[in-house]
Structures are given as structure tokens and as C-alpha cells.
Amino acid sequence: MFSPGMKRSNLSSRKERNLGPPVPASPITPVAHNSIANRPSTGTPAPWATRLSVLARTSPVNKSETGNDVKPVYVGEFPQVVRDEQACLLGKHIPGDACISGGMDKETCLSWIICGNKLFIWNYLSPVASKNCIVLELPSIALEDGHISGTSYHSSSWLVSVVNWDSPRRESSKVVHSCISAGLVMCNTRTRTVFYWPDIYDRGGSMPTVTMLSPDESEVTSSPINGKSTANRQRQLSRPMSFVGSSSLNSLIASAVLAGQHVCVALACGSNDEMWKFYCTPNGVQCSKVNLSSLDSDNGQFGGSKGYPRSLVWRFSHCSPEDSSRQFFLLTDHEIHCLSLTFHPDLDISKVWSHEIVGTDGDLGIKKDLAGQKRIWALDLQVDGYGKVITVLVATFCKDRVSSSNYTQYSLLTMQYKSGGNAASDMHERVLEKKAPIQVIVPKARVEDEDFLFSMRLRVGGKPLGSVVILSGDGTATVSHYYANSTRLYQFDLPYDAGKVLDVSVLPSTDDGEDGAWVVLTEKAGIWTIPEKAVVLGGVEPPERSLSRKGSSNERSGQEERRNLTFAGNIAPRRVSSEAWDSADRQRTAMAGFTRRSIHDEESEALLGQLFHDFLLTEQVDGSFEKLQHSGAFERDGETSVFSRISKSIIDTLPKHWTTTRGAEILAMTHNQLMDKQQKHEKFLQFLALSKCHEELCSKQRQSLQTILEHGEKLAGVIQLRELQNIISQNRSKTAGSMHFSSETQISGALWDLIQLIGEKARRNTVLLMDRDNAEVFYSKVSDLEEVFCCLDKHLKYIISEEQPVEAQVQKSCELADAIVSIIRNALLYRDEHHMWYPPPEGLTPWYSQSLVRNGMWKVASFMLQLLKDTSGLDISAKSEVYTHLEMLTEVILEAYAGAITAKVDRGEEHKVLLDEYWKWRDSLLESLYQLAKDLVEGGRQVLNLGANESDEECLRKLSSTLLSIAKTHEAYNTMWTICCDLNDSLLLRNLMHDSMGPKGGFSYFVFEQLYKKRQFSRLLRLGEEFQDELSIFLKQHRGLLWLHELFLHQFSSASETLHGLALSQDEISLSEGEEVEDPEPTIWIATLSDRKCLLNLSKIATMAGKCADYETKMSRIEADLKLLKLQEEIVKCLPADEGQEYDGQRLLRPEELIELCLKAENPELALRAFDAFAWSSSSFRRSHRNLLEECWKNAVDLDDWGQLYQASKDEGWSDEETLRQLRHTVLFQASSRCYGPQGETIEDGFEEVFPLRKHDSEVSAVKDSNYSVEAVLIQHKDFPDAGKLMLTAVMLGSASEQNDIEPRES
């Protein structure tokens, strides 16, 4: 394949491709060292060797020159039955002439090989493929087409398509792709013989339905081979016909129609503008030819030239049972057609759209008729997993106008659906556009014949993102990857005895949604993968390297190429142009991870490894700390630290002797291996301590030291997990009643499925582990123990299916819960035993407290809760088992949450969301567990081994003891309260209140709240005798009971203040205070003025008992408030009847409200009461309400007719005694006597300090504003010019007279 332009004869080229040795100058020429029998010089074993070993993957070339980063990775050998059949076939044919064909199916992960008359099918992801290989025998009719030469590029003369019957039901897990039911359609490209197996996993139906086509038949129907064929079918099958001279089938696709009935439809296209449709059922295959010309509205030909159409591809790889149709693409010589196959009612095919890719418009695809172009071939088509991006492999035959030499140019055309376009709206509307400019793979390659070009196949979807693989008929595979503004090519190259590359597929996607690395099926050497790193570091720019089995005329030496590869591996990725793939950003992110570590880090790690190795031998650490410090080993923290990396390498070591074991044999060997790791890790800790590295790490690299010790925690957890698996296996064997079950039966179960799941995921993500067993990988990759919880979170439905019996679900969920508890508890035990080794924990999050781990644990717990909720018919023994395991699981879940919250608080990060989540799950788990415990007590005495004489309370006490301890540790106060109430144990309640002294009073505060809500006030106050301070804090929000507790504590002064405050509270005081109680009617005990008077009198008594320093002040204040209450009663009585109804006499009125009522009434008596309200209020009130006081004086002046008094004094000539007698009856006189007289009583400062009589008095008082005075008010009165003297006389006489001398005012 792909080499620079160089015309050679077809005969010689084919000989070199199949039989001849490589060109001596080629860099793939083997090194001439072969000391092992039956082994090629490069180390790849022959299929007849005993077994593919680790040595087979090791090149004899110096690793320092090439490096293993650019090499493909061996995955696994063929099943034994395949190897045996290959050896038999090779013994009957001349080497190079034995025809072996094969392929891979990405959706089902099945690979297949045809050897002789047998078809072998197995899962290429399975590490134990030899135990799960399906062997189907081809009927003899399939071999009657005669011998097809192995030198033909079409030696693989069979097209195979797998139909997955169970794919819609098994999409929940992206990690495990285990097909359990599949059909298979198989068609010979030459003879048109069609086979159909309805279910390849059905051992009873291994014989297929078979039919043959002929060029002149438009419809053929057949039935299964059962020895009772009709004469017509005998005629059809008796003379197989070869189509070699006319045309051959190029592509085959199949889709399920009725999965439950094993009915499917298959489509095949041929090289002579033809398409066939096969309706396959278990009873027979109905074949019909599709008239392509009738599908085209322009009545044109789909193929247009010899060899077309080329490719058939489903637009979407998966088909739902609800879909009534399915779209597929058809590639012709110049167009892409999108067709639709309707399943019901008939299998009709209609055209959706077509797009010209080879024409005169270069914006639509490839522009033809350019200078130097002779011909353009569209070779193959593939579509991405989303059905949006279409990639076409194109070959162009060109002539160099300078040198007049011919050459072939290979390129990739990438098209995509237009954004927002509707493909079904208009058949003639353009729905595709170029995603990127045409990517030239090889600018100038040798000229090949058309058969060789048509043998090329395209594969898309593998890593690196955007890379493709081109397969050619001579058995080579080349990865093309666009990177750093150029195309780089990586050739999958194995020695010649490994045979050809049969097919290439992609490892299925895992949790990230992206497909994995390329996986290669070879003819003789098993299955290999091409790591992403190999493509990135090993790719070269064409045409610097030969990309086919033939050498290149301008190929450089192997040593020069290796230098370029080493150089390329250290080049940082350059920026990709805007016209490159839209995935370039993600590519650059991935490539950045492949940049090799600095020499400085590698030297430090190597030095540490050597020093530790010397310590293991001599137990001496002389100068180790200084050497490491000088090398810069302490410069990095966390997982990148050299200390963390050495620790990880210790616990993640892959024992080499495990490669020969499978299944239960691994479990029998892991214990010693894990113990050896633990012992070595302990030695590493000793090395750190003796060399003083531990002290340095503890002070400067806390995260590194934490990571190292967490490696020990994980190792302890894995060791215990292995012991648990051994116990489960032994118990299952005993339960079965026989020790003769297979190893798979003994080790099967939820935990084993989980181990297989994690191991499979690790193998998929790290292709270097593909040849290892799943269990081996799991027990070796100890540092990735978090994957246990990740898989539980995302793939629990695969491990425990809802379709399984309830008993099986209970058993599996309990088994998983036991595994989680074993891991976490042993990790915590390790932490306790090594607590002196750990750095200060502030801000460090334990590995088991990470969100990934918490989510996995909660997923199992929530499943168990849902199991209890949905299956009310569980028996008592099952409920008891769920309770026991869920209780243990709850403890470790809450412990993990507590660690995460503590770390966030230490770092000062926002933790409110996490705290709310913690509280939610805590209450949900504990409340469900306690309810289950009560159910068990009611009906499970025998199961729980409870005594018949024990009461329900005693049984519940025993059963809930652990649950109560968990609730106490994690402050689940509601659960603690409920248990104490159900047990009716006040002693237990008080003990818990003493022990749980958290923030805001802890559990005691919660208990007080519950008692208050239930209005059990006596019980609440009695608890206050023992919890005095706690109850004082609680009752600060409930003052209705606070004074009682303060009296009990002999805090009389505080009780007086509390009572005083309650008496003057503006709102009605309820003991329920809006809380939900059993009685919907709240109990209001401060509802009337009499209640308030009672509280004030109690306050007086408490004040007298307290005898504090400000005793007199407090007493006067209480007396004043009592007078205000009395004043309110009097004021309300004096109000008119209509206004008095508005005030029921119960609500406490503020002083300003009383004053405003008095002013509004315009009653002389009430006007004087307003001054009383001012007098019994505080001086601060009077000062802040001077405007209101001014209104009271104005009202007092207005209530008397001063004009009439003045006129009477003139007319009658009043003497001083008469004037005094007349003025005594005025409101002004009486108000002045009340406020300023000798017997006027006020609280705190008098009226003079706020509102003096005369203007000049304001200058010496605290009030500097002369407008605030009685005289200023009088001056503003309308009668002041005439009666001003009388007004002032009344004020002055009133201020000097005693209230006893004032005569009552006549009404």
C-alpha cells in the first residue's frame, strides 16, 4: 500500500506482498538474532507455537533506540479451536495459498474467522476467549465454487454481518459488551450464496438457512437445510455459479426487524450497479433485487461505472425496536446517497437525498478535471457514531507535468450535516457540507491497479480522536492522524509469519462516551491494539516511510527514523489551524499527556528507586536524604511526587506469573501476592522514616505523604476484599451441596461481576493490560480502588438486574454492601494503626470521602432502600439480612461524608450544599433502618434469636443499639429522639443529652424543642433541673417559660426583667408560638390587661426578692407601668360608645396611642389623662415625643374659652382671690399643676428637662430650642393678645399649687 510513485509490474508486486522477503533497506527488516525455536526473528510467535508469551511482545532491538511507546500491544491469542484449525489448514496448503478470512463487529465486540468449512466467532474483549468460542460449520454447498487463489486481493470472499438481538435491552452498561443473542448473515461475494443463522448462541439450531442468487433472477426464496428440500430448491442449490467474470458483491449490512422472532433484513450492493435485499427469518430467506434506477428521481444510474456502488453503511449503529424505518448511506463513483428502509408494512426502500462529492464544484466535495488528474475513485465510506460526520476514502490517479510520471494520491473527504438542516424537507436540498478541507494522506504513491484500490477499506472512530485506519487487500493497516497542521501515518507492522491484517475495529466506549483505541485482528498472530500514544509518538509524515509490505525508493534508514520518532515524542503540540478538525482542541489535550516527563523527574525517581532497593538489601539509608534533596525529589507534591509514584508502583505491580492463570486460579494466588505488596510497602514507610524523608514530607509535602499512606489503606482494603471473595466462594460451594462445580460457578456472584466489570474497564482504558485477565488486573491495580465505587455508581443495573428474582437482588445487594464495608473499615483500621505516620489532616480529603466514592456507596444504599419499598412481600429473613448490611453500609457512608465536610471546612470552602446532602441522606437512611427494625421486632423473633419472654421494648433496644450509636455519632437527633420515645426510657434520653453536646445545645436543644412542640412544659422544666444552662439558652426564644426556669435558678433579677418584658409585650404570648401541635387551637395565656398586671406584680415580687443595686429604679418603673395599665382602662371607659367598641380593653396600647386617643376625644378629663400618660412614661419617650406633648398643651388651652374669661374679669373686676378661684377650674391650670406642681410625679427626669414653662427657662435646660415651652404654645393662641396674662397666670399658679388644693372641675 501507500508508497511514493514508482511503477512496478503487478505480478512482481504481488509476489513480494505474499511470498517475497522485505527489502533489505526497509526499517521493518527483522534483526538477525533468533535463539528460540519456532519463533520468528522479531519475536512474534507462529500460531503453532505453544503459547504467545510475554517475550513475544519484546523486540530484540535496543529499547533505548526505539522505545515501547510506539509499538502495538498484544491483546490475546485466538481460541484454541481456531489455532488447531489454522494449523490443520496450513498443513494442507502451500504457505501463502491458504485462504483465511475474518472480521470484527464493533457493536457486539465479536470477531470471526473462516478456516476451511468452519466459522469461528468469539468476543475479542474477553481474556478467556477459548472458553466462549462459537463454531459454525458451513454447508458443503458453500465450498463448491472452486478454489479461489490466495494471490487475489479478494481472497476474503465472504461478507458477514452480525445482528444484535439484545442491544436495546443492554445499553445501560457501556463497559461490559457481552452479547447473549445474535443472528448472522453471511454472503459469498462471488457465488452470491447467502447463509442466515437466526441465533448463533442456540446450540440446537447451528444449521443455517441457505440460498443462492443468479444474475437473471429477481427474487429467490429458500428454507432451512433440513434434508427435506423441495425440487425447486434443489435446482437452485445444485449448481453454484461464480460471478468472477461479471461482478461481485462489495458490501453487506443487516438490521433487526423483529428481534423477538429473530427476523432481520440485509442489504448487499454489487459492482454492476445492483443492490439485493434479503428478508431473513428462521424459516427461510427471501431475496429480491432492488431497482436502483427507480429510486433516483433523475432516472440516472447509482453506480455509473464499473465496481460501483462500493459501500453500504447504516447512518446510526443502533436501532430501537420502536423505529419504523432506518436510514443508510450508499457510496457510488461520484455521489453519496441517503436511503431509507421502511420495516413496516413492507420492506420498501426510498431515497432521502443525494450529494455529489466528485464534480465541478470543489465546495461540495472533490473538484474533478483539474490539471494532472486522470481519474478519481471513491473507495469506501464510513460514518461516525452520531450519524453526522461522513468520511470517504478517495484515490486520485495523477500525472506529474514536470517529470511526466504517474502517481496515485490518497486523501480523505470529510462531510457533515449542516447545522439546523432538515434532511427530510427536500430531496434536492443540500444537506451536507465540508467539515474540513480535503486531507491528503499520501501526496504521491505508486500506481496500483483497480482491483488493489477496490480492496481498500476505511475504519473510523478510534483514538486519537479524528484518526482513521485504511486497510488494503495485501493485509496492511495504516492509521492516519491529522495533528499539528499535518497528516501523520502510523503503520501497523508485524512480521510476515503473523499473516495479514484481517480487520480493524475500535474498543467500545466507556464512561467518557468516546471510543477507545484501535484493535486489530490478524491472520495468525491473534488480536492486537494500537495505543493512542503509539499513534501520536510513532506517526510520521508521508512519504518518509513505506506504508505497505513493499519498500520505498526514498525511504530513510531505520536509525534515522528512530531518531525522528524520539525527537517527535518530545515536541510539544503545535496549534492546529482553524481549518483542521473541530476535535483538535481535545486532541491537543490528550497529546499533552503524552509529553515525556522531564529528565530531572526521571532521574529523581530512578535515584529513589535505587536507594529503596539498596535499603531492602542492606537496611542502610546512609546519605539517602541528602542525595534525594540534592536531586530535587522534594520539589513536587501530590501524585506527581516521586515518592507517590514509587509507592504506587509498589502496590500496582503486575506479577508476571499470573499470565498463565484464569478465573478461580487467580483467587488462589492473590493472597500471597497482595501480602508481599503490603510487606514491601511497609518497608517503604520504614525507609522514609529512617532516611528522615518522612519528616520532610510531613512538613512540606503533606499531600504526597497522604497519598502514600492512602496506598496502604487501599491495599489493606483489597486484601480484605480478596478474603471476602474467598469466603463467598466457599459458602456458595457449600450451599450447592457439591464440591465438583466449575470454578466459574464457585466464584460467580455480584462481587465477582463487579471485579470483572472493573477489570474490563481498566483493560479497555489501558491497552497494555488487554492480554491480562480481568480479575488479575483488578487485584493488581490497587491504586485505582476508587473504580469500585465508580462502577457501582454508573453500572449497578448491570450487576443487579431488576429482572432478576427478588431473592437474588437481595443477595447481590448485600454482597456488594459487605464488600464496600470491608474496604472502608479496613482502610480506617489501617489509618488507626498508622495514625502516627499521617501528616496533619487539616484540609486533606481522604480518598474514601471523595464524591466518586460517596456516590457509589449511596447508589448501593439507595438500591437497598428502594428494594425494601417496592417489595413489601419480602420475608423476615430477607429483611433481617438487608437490615444488617444496610446498617453497616450506612455507617461508612456517613463517615465518608463527615470526612469530606471536615476537609472543606478546614480549607474554608463553601460546604452548605454538601452539608445539606449529608443531612438528607443521613435522615433518610436512619429513619428507614429504624422503621425496618420495628417491623422486624413485630414479626421476626425467631429469625432474630430473640427470647420469647422479652418484651417488644427490650427486643427493639437490642436491635437498635448499633443504629442508636450511629445516630449519636452523626447527630441524627430525630432518630435518637424517636428511639427514646418508643422505648420510653428517660434515663437513656438524659444520657444521650449529656453525651451529645453539639452546637446550639446539641441533642438537648432538640429534645427541648420536641417537648415544647408537644406542650409538655412540666417535663421540659424538670429537665432544666439537670440541664440548667442548656435550657436557659433554649428558653431565650420562649420567654413564656424562661422566668420559671430563672426563678428555679434563683436568678430573681433576671426573672423580674423577663416578667416585665412579657407584661409589656405588644403581641399576645402563646405557648405554642405558631408551632404545629396536636391541638390546633393555640394556648394564649397573656391575653388581657389583668394578665399583664399579674406579670408586673410578679416582677415586683422577683425584684424585691433579688434586692439588686438598682432596686428602687426597677420598682418605680414597674409601678409606672402598672399606672399606665390602669390609665388605659380609665381612658377606654371615658371613650364614646362607638369608639370604645373599637378597643376591647384587652390589647396593650402604647403610650403614644393612649395620648392620641385623648387628643381625639376633645374631652377635658381625657386631655388631663394625656399628661398622665407622659408622666408615667420614660424621659426618653417624652424627649422623642415633644411634638405630641406640644399638641397636648395646645389642646389644653383650646378646651377653655379664654376670651370669655378675659371679658368677665374686666366686667366683674376680679380680685386676686377671685382670679385664682376662676383659674383653678381651667384645664391649663390643672395640667400645669400635674406636670410642674410640687406633687407632680414623673418617671426619671421631670417635664422641665423636656418642655419648660417659660422661654427663658429653655436656655438653661437641656432643651436649647425656645420654641418648646408652655409659654411658646400660649403665645401662638388666638386669644393670647387679650387673655395672655390670664393664661400665664394660670400656668404659673398651677405650677406652684398642690394637687390637693385643686378643686374638681365641673363637668
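Residue indices begin at 1 and follow the sequence shown.
- Note on Arg764 versus Glu760: salt bridge recorded, some NZ/NE/NH1/NH2 to OD/OE distance being below 4.0 Å.
- Rounding to the nearest 0.5 angstrom, the gap separating the CD1 atom in Ile708 from the NZ atom in Lys648 is 13.0 Å.
- Aromatic ring orientation, Tyr417 versus Phe329: tilted (interplanar angle from 30° to 60°).
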For this session: Kindly determine whether Val82 and Trp122 satisfy side chain to side chain contact (heavy atoms under 4.5 Å, CB included), including the steps that lead there.
Result: CA-CA 10 Å; Val82 178; Trp122 72 97; 4.1 Å; yes
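- Of the possible polar contacts, none joining the Thr476 side chain to the Ser472 backbone as a donor-acceptor pair under 3.5 Å is found.
- By the side chain to side chain contact (heavy atoms under 4.5 Å, CB included) test, Asp105 pairs with Glu107, Thr108, Val162, sequence neighbours left out.
- Residues Phe778 and Val788 have side chains in contact (heavy-atom distance under 4.5 Å, counting atoms from C-beta outward).
- Counting heavy atoms from C-beta on, the side chains of Trp528 and Thr522 come closer than 4.5 Å.
- Side-chain contact between Trp112 and Leu502 is absent, with no heavy atoms from C-beta onward closer than 4.5 Å.
- Ala395 pairs by the side chain to side chain contact (heavy atoms under 4.5 Å, CB included) definition with Trp377, Leu379, Thr408, Tyr410, Leu453, not counting sequence neighbours.
- Residue Lys434 qualifies as enclosed at atom NZ: its count of foreign heavy atoms under 6.0 Å is above 12.
- Counting heavy atoms from C-beta outward, Val392 and Met415 have side chains that stay 4.5 Å or more apart.
- Distance check: Ile646 CD1 to Ile651 CD1 gives 12.5 Å after rounding to the nearest 0.5 Å.
- Glu603 meets the salt bridge (charged side-chain N to carboxylate O under 4.0 Å, His left out) test with no other residue; sequence neighbours excluded.
- With sequence neighbours left out, the side chain to side chain contact (heavy atoms under 4.5 Å, CB included) criterion links Val460 to Gln382, Thr391, Leu458, Val468.
- Side chain of Ser647 to main chain of Phe643: no donor-acceptor pair is present (N/O by atom type, distance under 3.5 Å, no hydrogens or angles).
- Note that the OH atom of Tyr482 and the CD atom of Gln439 stand 7.5 Å from one another [nearest 0.5 Å].
- Contact check for Val520 versus Pro72: no side-chain heavy atoms found under the 4.5 Å cut-off.
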Problem set entry | side chain to side chain contact (heavy atoms under 4.5 Å, CB included) between Asp503 and Arg459, intermediate numbers included | CA-CA 9 Å; Asp503 201 358; Arg459 297 291 183 265; 3.1 Å; yes
For this session: Kindly determine whether Val506 and Trp518 satisfy side chain to side chain contact (heavy atoms under 4.5 Å, CB included), including the steps that lead there.
Result: CA-CA 5 Å; Val506 178; Trp518 294 106; 3.5 Å; yes
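- Between atom CD1 of residue Ile113 and atom NZ of residue Lys524 there is a gap of 11.5 Å, rounded to the nearest 0.5 Å.
- Judged as a ring pair (Phe, Tyr, Trp, His ring centres under 6.0 Å), and not counting sequence neighbours, Phe789 has no contacts.
- Taking the side chain to side chain contact (heavy atoms under 4.5 Å, CB included) definition, one finds that Ala517 meets it with Leu507, Val767, sequence neighbours left out.
- Between the CD atom in Gln416 and the CG atom in Leu432 there is a gap of 9.0 Å [rounded to 0.5 Å].
- A heavy-atom distance below 4.5 Å is found between the side chains of Cys791 and Lys761.
- Side-chain contact check for Val313 versus Leu331: every heavy-atom pair is 4.5 Å or farther apart.
- Inter-residue side-chain proximity for Pro464 and Val536 is flagged as met; some heavy-atom pair is nearer than 4.5 Å.
- Ser467 contributes a side-chain N or O that, together with a main-chain N or O of Gly462, makes up a donor-acceptor pair within less than 3.5 Å.
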For this session: Give the C-alpha distance, both sets of side-chain angles, the deciding distance and a yes or no for side chain to side chain contact (heavy atoms under 4.5 Å, CB included) between Val389 and Thr414.
Result: CA-CA 7 Å; Val389 180; Thr414 308; 3.5 Å; yes
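- Met104 contributes atom CE, which lies 5.0 Å from atom OH of Tyr124 (distance to the nearest 0.5 angstrom).
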